[in-house]
Number of protein chains: 2
Amino acid sequence: MFRTIDWSGGAVVMLDQTRLPAEVIYRRYERAEEVAEAIRSMVIRGAPAIGVAAAMGIALGMKEAGGSSMVDLERRMENLSKVFAATRPTAVNLFWAINRMRRTFESTRGLTPAGAVAALEKEALLIRDEDLEINRRMGRHGEPLIPESARVLTHCNAGALATAGYGTALGVIRAAVEKGKKVRVLADETRPFLQGARLTAWELAQDGIDVTLITDNAAGHFMSRGEVDLAIVGADRIATNGDVANKIGTYSVAVLARESSIPFYVAAPLSTIDLSLASGVEIPIEERDPEEVKRAGTTRVAPEEVTARHPAFDVTPARFVTAIITEAGVAKAPYEKSLKALFEGSS
Amino acid sequence: MFRTIDWSGGAVVMLDQTRLPAEVIYRRYERAEEVAEAIRSMVIRGAPAIGVAAAMGIALGMKEAGGSSMVDLERRMENLSKVFAATRPTAVNLFWAINRMRRTFESTRGLTPAGAVAALEKEALLIRDEDLEINRRMGRHGEPLIPESARVLTHCNAGALATAGYGTALGVIRAAVEKGKKVRVLADETRPFLQGARLTAWELAQDGIDVTLITDNAAGHFMSRGEVDLAIVGADRIATNGDVANKIGTYSVAVLARESSIPFYVAAPLSTIDLSLASGVEIPIEERDPEEVKRAGTTRVAPEEVTARHPAFDVTPARFVTAIITEAGVAKAPYEKSLKALFEGSS
């Protein structure tokens, strides 16, 4: 079984997701800036995995400066927080992980620099281990929503590769398969980065779960023909009203699902819910390099002189979301109330 | 200016659309079977262009057998009709063109074999010339639907490359530009064959029309953000109730347009309307090689062992279609009545 991200011998090790499925290459990073660049260039992606990577990157960066004074470490913590916060703007788990590492550092004021560094390394590993456990709990909560025999559409990759392991949306699918349910997955390829074709298809095939690949623009066709029983996706940020930011194309899946009266589920940890935002219009949408749209695989497909636009995420209004599955339970509309109740129940 | 398809020195010449935009290569075919293979492999595509190609292919095939008796020619006509009818099942213009060539052949009964062959060549060229004129008329009818300043979304390629020239949906855009309107086009890339990225972006850029390329799954995002004023597409077959078969993904565009209260127009010649079909459920949907989905450009992007599905078209129910623009005028719901009136007006 592959490992998405690991801490090994004082370095961060990641499975390079830009090279899958053609090559399974693990990259070893010994410097925090390399980890930040790996997040930016999508060697690792997926909101929970980005959170884990940022936590490990900060732990690594603090270790690099291990011999310094606490004052120096404090300055370095400020700097590392800024570096990682600037990598990708949409996934809130990134900021959640950075804040958790900052709070941990603040709690080490009485310790030596070496003690503080050790505490940060421990916290990063805890975030990783917790994420895996959170996904398994999410799977247990979400599994009852999957019929005994189900054709499930998913978009992008919300799997083991997007998390510390098991996955959010794909974790719910895995939990249903473990219960003996007959699940067939229809995976949107998810242009331009092709997370569906390259990552979801790959990790489900590794697990022997039935998966069929389609282009993003075929999802509506299969839904309209009665060939999909439910749709389930992950999330990069959820506002308190239940609006969901997720990979570009998620909004289309949600609208098309409602048109065909198909349930549309979102699976995400509580750390994806941004309690500071009233609605999805406030979520910053990352626009990535348009060149990524003008390429398919390694081939340049559009004329040189043509402009392209590449919003990496979109926002699905809460009215399209049948339920949000978290580690603390399943929330339904009205989300202001149900999401709040999950936080209260989990604390 | 490029030529999509031409008849030159007793051969059919086509611009190879599988190689655009990287290479501008004209292919010369001297045998009918080569023309049929060019249609199957999408060297030429687009419903009206396929019709022209089939007509020219039949003229070529009859010329090959020119020295035969009329009885032999009759047998050959039967055979050529079958060969071309089997190339691609969805675009009805193909069958319309084949039938027109058959009727022309039947009208040559009093002629010599050479006279019949000459009449067929003349008819194929007439179909080509008429298509160009039809597109210009369609442009004149559709142009008033485009606001003075308009951001127009289109899907696939319904342009000069999909016709004998000028285009259907892109013909309407060209007519608006010729009127001095400020039109900015948002082109869906249209996976897996990437007609939007490779063909629409290329031909609009050639004409100096403002075009921005997006992935198919970003169309909904831009519509929801108020960045699209109208959507316009071509069609491969239209049923008498106004249901529209067109490139896979068209249905999604239509549903998303309605969700954002954006007009959704279809531009197609009367030869695309199949009066034998009451509704779109009867339209055969071509499923192409799944390998085309597992590749992006020349790169294999999905794991070897994963299954894919590749419906090449979908059906948009008439209730999503704001208007159908033809060479005989603009039809609105109820389409049973309005489409019939256009046929009566044009005859």
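Numbers restart at 1 for each chain; the letters A, B, ... are given by sequence-line order, proteins then strands.
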Please tell me whether A:R45 and A:Q17 have a donor and an acceptor in their side chains that are separated by less than 3.5 angstrom.
yes
Atom group of B:N217 that falls short of 4.5 Å from chain A, counting heavy atoms
both
Do the non-hydrogen side-chain atoms of A:I238 and A:Y335 ever get within less than 4.5 Å of each other?
no
Might you work through the side-chain hydrogen bond (donor to acceptor under 3.5 Å, both in side chains) test for B:T250 and B:T316, ending with a clear yes or no?
CA-CA 7 Å; B:T250 301; B:T316 300; 5.5 Å; no
Output the option from B:A219, B:S224, B:P21 having the highest count of non-hydrogen pairs under 4.5 Å with chain A.
B:P21
Under 4.5 Å, counting heavy-atom pairs only, tell me which of A:I214, A:D314, A:L256 racks up the most with chain B.
A:L256
Segment of B:R225 engaging chain A (4.5 angstrom heavy-atom cut-off):
side chain
Just wondering, do B:T190 and B:D216 contact through their side chains at under 4.5 Å, heavy atoms?
yes
If you count heavy-atom pairs under 4.5 Å with chain A, which of B:V315, B:V211, B:L204 comes out on top?
B:V211
Could you check B:E291, B:E287, B:E292 and say which one makes a salt bridge (charged side-chain N to carboxylate O under 4.0 Å, His left out) with B:R309?
B:E287
Is it the backbone or the side chain of B:H310 that comes under 4.5 Å from a heavy atom of chain A, or both, or neither?
neither
Region of B:I285 that comes under 4.5 Å of a non-hydrogen atom in chain A
side chain
For chain A, find which of B:I248, B:T215, B:L186 contributes the most heavy-atom pairs closer than 4.5 angstrom.
B:I248
Which atom names give the shortest non-hydrogen contact between B:K247 and B:R88, and what distance separates them?
NZ-NH2, 4.3 Å
Between B:R258, B:M223, B:H155, B:E189, which has the largest tally of heavy atom pairs under 4.5 Å with chain A?
B:E189
Contacting region of B:A218 [heavy-atom separation from chain A under 4.5 Å]:
both
How far apart are the C-alpha atoms of A:W202 and A:N157, what are their side-chain angles, what is the distance that settles it, and do they pass the side chain to side chain contact (heavy atoms under 4.5 Å, CB included) test?
CA-CA 10 Å; A:W202 184 77; A:N157 172 268; over 6 Å; no
Region of B:R295 in contact with chain A, defined by heavy-atom distances below 4.5 Å:
neither
Checking salt bridge (Lys or Arg N to Asp or Glu O under 4.0 Å) for the pair B:R237/B:E286: CA distance, chi angles, key distance, verdict?
CA-CA 12 Å; B:R237 194 183 302 212; B:E286 175 183 9; over 6 Å; no
Of the backbone (N, CA, C, O) and the side chain (C-beta and beyond), which part of B:S260 lies under 4.5 Å from a heavy atom of chain A, both, or neither?
side chain
Would you mind checking which part of B:E227 comes under 4.5 Å of any heavy atom in chain A, side chain (CB onward), backbone (N, CA, C, O), both or neither?
side chain
Over 12 foreign heavy atoms within 6.0 Å of CD, A:E304
no
Please say which of A:L153, A:T154, A:T322, A:I146 ends up in a side chain to side chain contact (heavy atoms under 4.5 Å, CB included) with A:L230.
A:I146
Among B:A22, B:P303, B:P311, B:G196, who wins on heavy-atom pairs under 4.5 Å with chain A?
B:P303
If I measure from the heavy atoms of chain B, does A:F222 come under 4.5 Å with its side chain, its backbone, both, or neither?
side chain
Given heavy-atom pairs under 4.5 angstrom as the criterion, report whether the side chain, backbone, both or neither of A:A201 touches chain B.
both
